[in-house]
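Remember, predicted model here, so these are calculated numbers, not experimental data.
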Amino acid sequence: MQQNVLENQLSREEQLALKNRRLGMNIFQLSWIMVFICLVVVNLQLRRSQESWPPPGVERMGVVLPTLATITLLISGFAARRALQSLRRDAVQPFLSQWLVTIGLGVLFVAMMIYEWMIVPQGSQYGSIFRVMIGFHGIHALVIGGYLWNVYQNGRKNMYGQFNTWAVEAGAKLWYFVVFAWILFYVVLYWI
């Protein structure tokens, strides 16, 4: 509701520009969703080509660390949302604090995934598809994490405010995508 009130205070040109940015972000995210779904389909096809999954002689990866990583990532997504809401209320300091929490938890998540990537059994289709999926998501999270860091640095320079939130909104949407994609991968890699 508050977001709509703020957007109504923008000029017609600014509203159109914001609408176009959001459409562009949605198209970008849709294209990436297709890539992530393709990786899931490849994983499922490899599984169907095997009598059992993981193949005999390959130990299944544990779920404790990835479950902790998933919880960490979910909390970071919640922190990103709270940060954006704070900025829209023109509360810059709470925005910066919550955004930093988002980044810190994202770093912790990536560190846990690097560990998982390093310990996966090698030399099998199970290990190969696991590494591709974890690596692809990890690189995606690192790049978006770099963007989040840039937003944080600009926020410290007071470049955002109640009427200038697009960069933060874009960062939050990108981070929500990281969360969504990971939950998809988490279910496929560890539970199915």
Item to complete: Tell me, with the steps shown, if Ile183 and Val179 meet side chain to side chain contact (heavy atoms under 4.5 Å, CB included).
Response: CA-CA 6 Å; Ile183 290 171; Val179 174; 4.0 Å; yes

Item to complete: Using distance alone, with no hydrogens and no angle criterion, decide if Tyr190 and Thr67 have a side-chain donor and acceptor under 3.5 Å apart.
Response: no

Fill in: Under 3.5 Å side-chain donor-acceptor pair for Trp182 and Thr70
yes

Fill in: Check: Val120 and Tyr115 side chains under 4.5 Å, non-hydrogen atoms
no

What pairs of donor and acceptor atoms, side-chain ones from residues 59-66 against any protein atom, are under 3.5 angstrom apart with sequence neighbours left out?
from	atom 1	to	atom 2	distance (Å)
Arg60	NH2	Trp53	O	3.1

Worksheet item: Considering residues at least two apart in sequence or located in another chain, which fulfil the ring-ring contact (aromatic ring centres under 6.0 Å, His included) criterion with Phe185?
Response: Phe36

Fill in: side chain to side chain contact (heavy atoms under 4.5 Å, CB included) between Phe28 and Leu174, worked out
CA-CA 10 Å; Phe28 173 76; Leu174 289 168; 3.6 Å; yes

Discussion item. Just so I know, are the side chains of Thr165 and Tyr160 near enough to count as touching, which here means a heavy-atom distance under 4.5 Å?
Written reply: no

Worksheet item: Mind checking whether Phe136 and Trp32 have ring centres under 6.0 Å apart?
Response: yes

Discussion item. Can you confirm whether the side chains of Asn26 and Arg22 place a donor and an acceptor under 3.5 Å from each other?
Written reply: no

Worksheet, complete the sentence: When Val107, Leu148, Ile71, Leu105 are each screened for side chain to side chain contact (heavy atoms under 4.5 Å, CB included) with Ser76, the one that passes is Leu105

Worksheet item: Does Trp117 use its side chain to pair, donor to acceptor, with the backbone of Arg131 at less than 3.5 Å?
Response: yes

Response to the item:
In short, ring pair (Phe, Tyr, Trp, His ring centres under 6.0 Å) pairs touching residues 77-98 with sequence neighbours left out are Phe95-Trp99

Discussion item. Would Phe109 and His137 count as a ring pair (Phe, Tyr, Trp, His ring centres under 6.0 Å) here? Give the steps.
Written reply: CA-CA 11 Å; Phe109 170 79; His137 187 268; 5.7 Å; yes

Fill in: Sidechain N-carboxylate O distance under 4.0 Å for Arg21, Glu169
no

Item to complete: Start with the C-alpha gap between Leu73 and Leu108, add the side-chain angles, then the distance that decides, and say whether side chain to side chain contact (heavy atoms under 4.5 Å, CB included) holds.
Response: CA-CA 9 Å; Leu73 196 57; Leu108 182 59; over 6 Å; no

